[in-house]
Amino acid sequence: MRDLIEVCAPLILDSISELEISKEDMSNLIGPSTVGSMADIAIPCHSLSRILKKSPVEVSEHISGLISPSLQGLALTSSMNGFVNLKADPEWLASKTMGLLSDNMLGVKKDSPRKIIVDYSAPNVAKEMHVGHLRSTVIGDAIVRMLRFKGHEVIRENHIGDWGTPFGMLIEHLIDLGENSFTSDKAISDFDQFYKEARVKFNHDDLFAERARSRVVLLQAEDSDTLRLWKVLVDVSTAYFNEVYEMLDVLLDDDDIMGESAYRHLLPTVVERLRESGMLEESEGASVVYLGGKWVNREGAPFPVIIRKGDGGYNYSTSDLACIIDRVERISCDELMYVVGTPQKQHFEMVFEVASRAGFMDERHTATHINFGSVLDSNGKMLKSRAGQSAKLVDLLKESIIRADSAISEKNPELTGEDKARISKMIGIGAVKYADLSTDRSKDYIFDWDKMLSFEGNTAPYLQYSHARISRIFSLSPVSRESLRNSNIQLSTVEEEVLAKCIVNFAESLDKSIYSSHPHKLCTHIHATSSAFATFYEACPILKSEDDQIMISRLALCDLTARVISTGLDLLGIMSPEMM
Ligand code: ARG
């Protein structure tokens, strides 16, 4: 109800000017009420009782009396237990709600545009994508969509792991197996196997290890045959990543790939610039940066950022430093966001610190690590597939669609054929994405099929079902949705009022969600809106209401509710079916 606070605050300040309270003190006290059902805005008067030398109850009664006349038509004033409570006047609320009927943005205001790079997904070549990459992909994609909606220029970058010393052994292993074995579907389903085999050979077969090391040198020298073999690994892997992205219905495509290899020519520059700035130190043959301060290891010894290893190889951090130079200097971005798991927290803190001290970015740039927790199974362990390895993403997604399909068979046996297949996909994929997005990303979350596919509770199927239900109302309605854009809304029941508040608060909750990069806040709001709709639907006849005016007003509320749900879900990358 920030709009209500905005209109009421100046009027409140004017009407209490006779009291000895500074405008600032009073402004600080006016805020959203924490007891939603009783009030929208609350002014706690306890701190004023000393200044005015009256009990909090007396103060709140006095203030309530003073401000009430000027808030006529905006808010209804009352006082209780030392609080002044303001509740939105249904007339004000109705006119606010009506204003949204013709607003495609549902009250969301654009920000002044910034250029923002969102680094997300970032799986590794010749390795299976794991559930951590799923989280990054789903959360990153939602953040991209929300930022775009707020008017920013958003650049997606998929920082895949496609360079570095492991590629020596991977390429040699590829040669041993024969190139064709890796281009087949079999290879795609066996990435982890391939990686492990290469690792075992590297650790136990000296000859192989030697070949692998020479291969790294050839790769770094950009030997054409070596690059061709490397590309086989990259192409097969990215084809697999694309298969996952397609199933997940995320925005990422080949143009967004900016893997570690893209920065390889910048790595010497990173070393040079760090040396010039005097930050680079030599330690046991390696080139490192010591940040000092809190950066010590368990024994209290200074903890280095390794820039170049003794063998001349560069590190993951070096690549991220090069990447910052590229984003700041070539792309001229204002903001850098990294959607990566919590275990890399220290990596990003240190990289950002080195980059700022070395002047790779300055106070005009913000770099943020948007971290997230792990995905756990019902026993609280890291989620694994049946074979005991990391869960394969495509299998997981396919299973979700199959489960959604059988859930639909139960709920609506009339839905068949192509429609059913299409909707099963929307529900199955939506369920997995929403389960991830609706929990606070900084926490671990438990992967639970029954819960995420349930038609009750804070789940995608529940929200999608509410949307489909409203679509059904319109398919039976004598009035088209388009014709409702200028209709009159009147809020004559509590249920209508609660629903209207959810609609009006959409913009505020989207802002909260995007400014904190916490998609779950938006989820909570869409869920609250759907619940308010269910209560309204129970209590208020729509097509059967005896009065045409009321029918139109309620249909307008239905239209707005459906738009809050579908816009909200769309910003999370989830589809809203018209039927299910
Ligand atoms: N490929 C890395 C991993 O799988 C994630 C890369 C994240 N992005 C970055 N700029 N470091 O852990």
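We count ligands from 1, going down the list as the structure has it; atoms in each ligand are counted the same way.
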Colleague: Between Arg215 and Thr226, is any side-chain donor less than 3.5 angstrom from a side-chain acceptor?
Modeller: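 Yes - a donor-acceptor pair under 3.5 Å links their side chains.
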
Colleague: Nearest 0.5 Å please: distance from the CD1 atom of Ile574 over to the NE2 atom of His467.
Modeller: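 It is 13.0 Å, given to the nearest 0.5 Å.
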
Colleague: At a 4.0 angstrom heavy-atom cut-off, what protein residues surround ligand 1?
Modeller: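 Residue list for ligand 1: Asp119, Ala122, Asn124, His133, His159, Tyr316, Asp320, Tyr338, Val340, Gln344, Phe348.
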
Colleague: Could you pull out all residues at least two apart from Ser283 that satisfy side-chain contact (heavy atoms from CB on, under 4.5 Å)?
Modeller: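 Partners of Ser283 by the side-chain contact (heavy atoms from CB on, under 4.5 Å) criterion, ordered by chain and then number, come out as Val288, Tyr290.
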
Colleague: Should Phe455 and Met580 count as side-chain neighbours, where that means a heavy-atom distance under 4.5 Å?
Modeller: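 Heavy-atom side-chain distance check passes, below 4.5 Å.
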
Colleague: Ring pair (Phe, Tyr, Trp, His ring centres under 6.0 Å): which pairs involve residues 316-338, sequence neighbours left out?
Modeller: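 Every ring pair (Phe, Tyr, Trp, His ring centres under 6.0 Å) pair that includes a residue of residues 316-338, provided the two are not neighbours, is Tyr316-His347, Tyr338-Phe348, Tyr338-Phe352.
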
Colleague: Please list, chain by chain and in numerical order, all residues satisfying side-chain contact (heavy atoms from CB on, under 4.5 Å) with Ser509, sequence neighbours excluded.
Modeller: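 Listed in chain order: Leu522, His525.
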
